[in-house]
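Remember, it's a predicted structure, so these values are computed and weren't measured experimentally. Worth knowing before you read on, the calculation uses all heavy atoms, side chains too, and leaves out hydrogens, waters and symmetry mates. Positions are given from 1, in the same order as the sequence printed here.
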Amino acid sequence: MEEPNFDLKKILVGVDNSDDAQKAFKYAIKLSKITGAKLFIVTVLEDHDMNVYEVLDDDFIHGKREDVEQHVQEYVKVAEDSGVQDVQGVIAEGNPGEVIVEDVIPKYHPDLLIIGSLDVKSPKKLFGSQAASMAKHSPISVLVIR
């Protein structure tokens, strides 16, 4: 039996505005500080949340992406202000569960993914409904926070 890897060098945390994602973010900050691991903070811009007119409007998409970029930078600042030494924001586009597992993890090679168990209770939900799928399909260990 292979020994579990407790030598964390990179942690990936998925964020949205849900309470559980906020708990996951706080947990990731603490774990990053304890281990000295680099912290990647990812959020996903979901294009299926936009209607056909919004998808065709470059100004709308550009504005929405700028909002997401600003939001991620706020998370980065909170992590830095909390004492995380090495932190980077990541923005992906698509279905959160799929894009994190298929694109973000292979690109950044984290040792652990931390996500919230529940999603935002609105049309703008991001992660929670995806938690089981990410845990099942992720090539790395996943910590689901409640």
Side-chain angles (χ1 to χ4, degrees), residues 2-51 54-55 59-146:
E2 187 176 326
E3 289 290 319
N5 180 11
F6 292 110
D7 184 25
L8 298 176
K9 296 195 182 345
K10 298 178 186 177
I11 297 170
L12 177 66
V13 61
V15 295
D16 61 23
N17 291 325
S18 70
D19 289 340
D20 282 0
Q22 299 303 306
K23 291 176 190 173
F25 176 61
K26 290 175 184 172
Y27 191 98
I29 286 173
K30 288 180 184 177
L31 190 57
S32 178
K33 286 170 46 178
I34 291 168
T35 63
K38 179 170 185 165
L39 181 61
F40 292 95
I41 303 167
V42 64
T43 195
V44 178
L45 176 59
E46 291 185 271
D47 50 15
H48 74 264
D49 281 342
M50 293 181 259
N51 67 42
E54 293 168 339
V55 170
D59 289 334
F60 179 85
I61 293 171
H62 182 70
K64 189 166 175 98
R65 182 161 181 94
E66 283 180 351
D67 293 343
V68 171
E69 288 173 358
Q70 180 180 349
H71 194 63
V72 168
Q73 287 309 310
E74 290 169 6
Y75 279 103
V76 168
K77 181 163 179 18
V78 168
E80 289 172 340
D81 290 349
S82 297
V84 177
Q85 297 298 311
D86 196 359
V87 59
Q88 178 180 338
V90 176
I91 299 171
E93 294 183 32
N95 176 290
E98 291 175 14
V99 77
I100 288 173
V101 169
E102 296 173 9
D103 299 335
V104 176
I105 290 173
K107 182 175 182 178
Y108 295 97
H109 306 287
D111 303 301
L112 178 66
L113 170 62
I114 302 175
I115 53 175
S117 66
L118 299 176
D119 57 11
V120 175
K121 302 295 186 212
S122 78
K124 304 256 183 218
K125 63 184 180 178
L126 296 179
F127 291 114
S129 61
Q130 305 285 331
S133 175
M134 285 188 271
K136 180 176 181 180
H137 298 289
S138 175
I140 62 172
S141 295
V142 178
L143 179 58
V144 181
I145 303 295
R146 295 183 159 259

Enter the distance from Asn95:CG to Ser133:OG here, rounded to the nearest 0.5 Å. 7.5 Å

As an exercise, state the distance from OG of Ser117 to NZ of Lys23, rounded to the nearest 0.5 Å. 7.5 Å

Quick one: which residue pairs count as a salt bridge (Lys or Arg N to Asp or Glu O under 4.0 Å) with a foot in residues 29-38, not counting sequence neighbours? Lys38-Asp86

Once rounded to the nearest 0.5 Å, what's the spacing between atom CG of Leu45 and atom CD1 of Ile91? 8.0 Å

What distance do Ile41 atom CD1 and Lys77 atom NZ have between them, rounded to the nearest 0.5 Å? 12.5 Å

Over all atoms of both residues, closest heavy-atom pair of Ala24 and Gly116: CB-N, 3.7 Å

My understanding is that only one of Thr35, Leu31, Val142 makes a side chain to side chain contact (heavy atoms under 4.5 Å, CB included) with Leu112; could you say which? Leu31

Val13, Val90, Asn17, Val15 screened by side chain to side chain contact (heavy atoms under 4.5 Å, CB included) with Thr43, the one that passes: Val15

Nearest 0.5 Å please: distance from the CG atom of Leu12 over to the NE2 atom of His109. 12.0 Å

Closest contact, heavy atoms only, Ala21 versus Gly14: CB-O, 4.2 Å

Identify the heavy atoms of His137 and Val101 that sit nearest to each other, and give their distance. O-CG1, 3.5 Å

Going by the ring pair (Phe, Tyr, Trp, His ring centres under 6.0 Å) test, which pairs reach into residues 76-108, not counting sequence neighbours? Phe40-Tyr108

Tell me if a side-chain donor or acceptor on Ser32 pairs with a main-chain N or O of Ala37 at a distance below 3.5 Å. yes

Do other residues, nucleotides or ligands put more than 12 heavy atoms under 6.0 Å from Glu69 CD? yes

Heavy-atom closest pair, residues Leu113 and Met134: CD2-SD, 4.1 Å

Asp20 and Ile145, any side-chain heavy atoms less than 4.5 Å apart: no

Short question: side chain of Gln85, backbone of Gly83 - any donor-acceptor pair under 3.5 Å? yes

OH of Tyr27 to CD1 of Ile11: how many Å apart, nearest 0.5 Å? 9.0 Å

Give me the atom names and distance for the closest heavy-atom approach of Ala79 to Ile29. CA-CD1, 4.0 Å

May I have the step-by-step check of side chain to side chain contact (heavy atoms under 4.5 Å, CB included) for Ile100 and Ile105, ending in yes or no? CA-CA 6 Å; Ile100 288 173; Ile105 290 173; 4.2 Å; yes

Assess whether a salt bridge exists between Lys107 and Asp103, defined as any Lys/Arg side-chain N lying under 4.0 Å from an Asp/Glu carboxylate O. no

